[in-house]
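The next block holds one structure in the form of structure tokens; read it before the comments.
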Amino acid sequence: MPLDLIDAVDKVNEVAPVVVAHAPADAVTIAAAAGRLNAATRPGLIIGGGARGAAEEITALAERLGAPVVATANGKGTFSEHHQLSIGAGLHHKAAAEFVAECDVVLAIGTELASTDLWSGPLKFPGDLIRIDVDPAQMITNALPDYCLVGDAQATVTALNQRLGKAHASQEAAKRAQRWQKLFRKHARTQGAAWLPLVEAMKEVLAPGAVIAGDSAMACYYGTLSNLPLEGPASFLYPTGFGTLGYGLPAAIGAKMGAPDRQVVALHGDGGVMFTLPELATAAQERLPLPVIICDNGGYGEIRREMVDRSEPVHGVNLPGVDFAMVAKGLNCHGLTVDDEDRFAAALRKAFTADRPTVLHVVGDLAGA
């Protein structure tokens with residue numbers, strides 16, 4: 001920018017902030033939607049990032065309806081993935097599309113139903129679709145609902161709960177959910193097979209309420225998104241949409257400073273972490289007990305794989321090896337290179353009580369390389 005422009009001074013008008021009313025959708029539409037849900041024999045819920053403020057209300061709603069729940073990446077954890085009605089997180093799986101197609105009514109709460117969640121095309125809703133969203137324009141984007149409930153998620157779900165009948169038989173609902181859980185998990189484990197040892201080690205160490213701040217890395221969207229169960233709103237921080245590389249570490253720093261009593265983990269690939277690696281110095285300065293997991297597959301693995309699948313020459317995606325443990329120590333963090341599941345689990349456990357961040361440079365098969 002020209003220096004004279006930087007120094008320029010002028011009068012400006014402040015733009016008023018957008019005020020979102022914490023109010024439910026209109027009573028008539030809520031009553032109509034509640035009537036349809038009461039009549040449902042195969043209900044289902046899709047939970048997005050806009051549902052984070054309604055975790056308790058959604059749990060009560062799902063139990064009242066006997067409705068299995070599938071979450072988007074941003075909605076992961078809002079409905080506990082340890083709950084018997086949870087199918088899992090990740091709309092891109094074939095099982096998620098098949099579940100939606102089997103439902104006679106789907107209630108989608110706070111989700112765009114966007115291509116960045118679906119990967120392979122829009123969902124089809126043979127039954128009725130009810131959407132809850134605070135944004136009227138978003139309400140009719142990507143899928144046209146039969147019932148539009150424009151309003152705050154928490155207030156609207158509360159209003160729905162007040163109008164619904166008695167809870168469905170929990171045993172029948174659990175059996176239906178279990179059938180979809182098995183299919184979903186089969187697809188998720190097949191897709192994320194290369195990262196399952198890493199995920200299983202993380203399961204051993206993570207406490208309830210843990211937060212994963214993930215980058216747009218294969219270890220995140222193939223590994224942890226659908227294979228690492230979490231509970232609690234905002235448990236999975238992920239750059240859905242643009243897939244911004246380097247997001248995980250600064251997001252983890254913010255999460256740990258905002259919720260110091262929760263376990264927070266940054267999860268990266270070796271390519272993406274290079275975009276924000278210097279932020280380790282910030283985390284070290286703040287003395288954050290933050291594990292930073294870097295799965296090293298020798299470069300930009302997703303792009304490399306796509307080149308191979310298209311029979312293109314592989315170019316510009318293989319990165320020279322970086323000693324991330326040494327880099328970490330140079331930035332006043334702890335650093336360790338691991339290639340063994342047991343050693344990784346022990347190091348991760350220790351990192352949560354360390355006096356500064358710990359970089360765990362994961363290599364070999366454990367990194368999905």
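Starting from 1, each residue takes its place in the sequence as its number.
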Parallel, tilted or perpendicular, as decided by the 30° and 60° cut-offs, for the rings of His83 and Phe79 = tilted
Assign the ring pair Phe184 / His93 to parallel, tilted or perpendicular, where the plane angle (0 to 90°) is split at 30° and 60°.
-> perpendicular
Would you kindly confirm whether Ile294 and Leu331 end up in one hydrophobic cluster when ILVMFWY residues are joined by side chain heavy atoms under 4.5 Å apart?
-> yes
Please check if Val69 and Leu123 belong to a single hydrophobic cluster, counting links between Ile, Leu, Val, Met, Phe, Trp and Tyr side chain heavy atoms closer than 4.5 Å.
-> no
Would you find more than 12 non-hydrogen atoms of other residues, nucleotides or ligands less than 6.0 Å from [X] atom [atom1]?
X      : atom1 : result
Leu319 : CG    : yes
Lys203 : NZ    : yes
Asp365 : CG    : no

Closest non-hydrogen atom pair between Arg343 and Thr337, with its separation = NH1-O, 3.0 Å
Determine whether a donor-acceptor pair (N or O, by modelled atom type, separation under 3.5 Å) exists between the side chain of [X] and the backbone of [Y].
X      : Y      : result
Ser235 : Val211 : no
Asn332 : Gln285 : no
Arg131 : Met139 : yes
Glu231 : Glu81  : no

Going by an N to O cut-off under 4.0 Å, is there a salt bridge joining Glu200 and Arg189?
-> yes
Got a salt bridge between Glu172 and Lys175, using NZ or NE/NH1/NH2 to carboxylate O under 4.0 Å?
-> no
Is there a side-chain contact between Leu237 and Tyr247, using heavy atoms and a 4.5 Å cut-off?
-> yes
State, with a plain yes or no, whether a side-chain heavy atom of Thr240 is found less than 4.5 Å away from one of Thr72.
-> no
Between the side chains of His334 and Asp355, is a donor N or O closer than 3.5 angstrom to an acceptor N or O?
-> yes
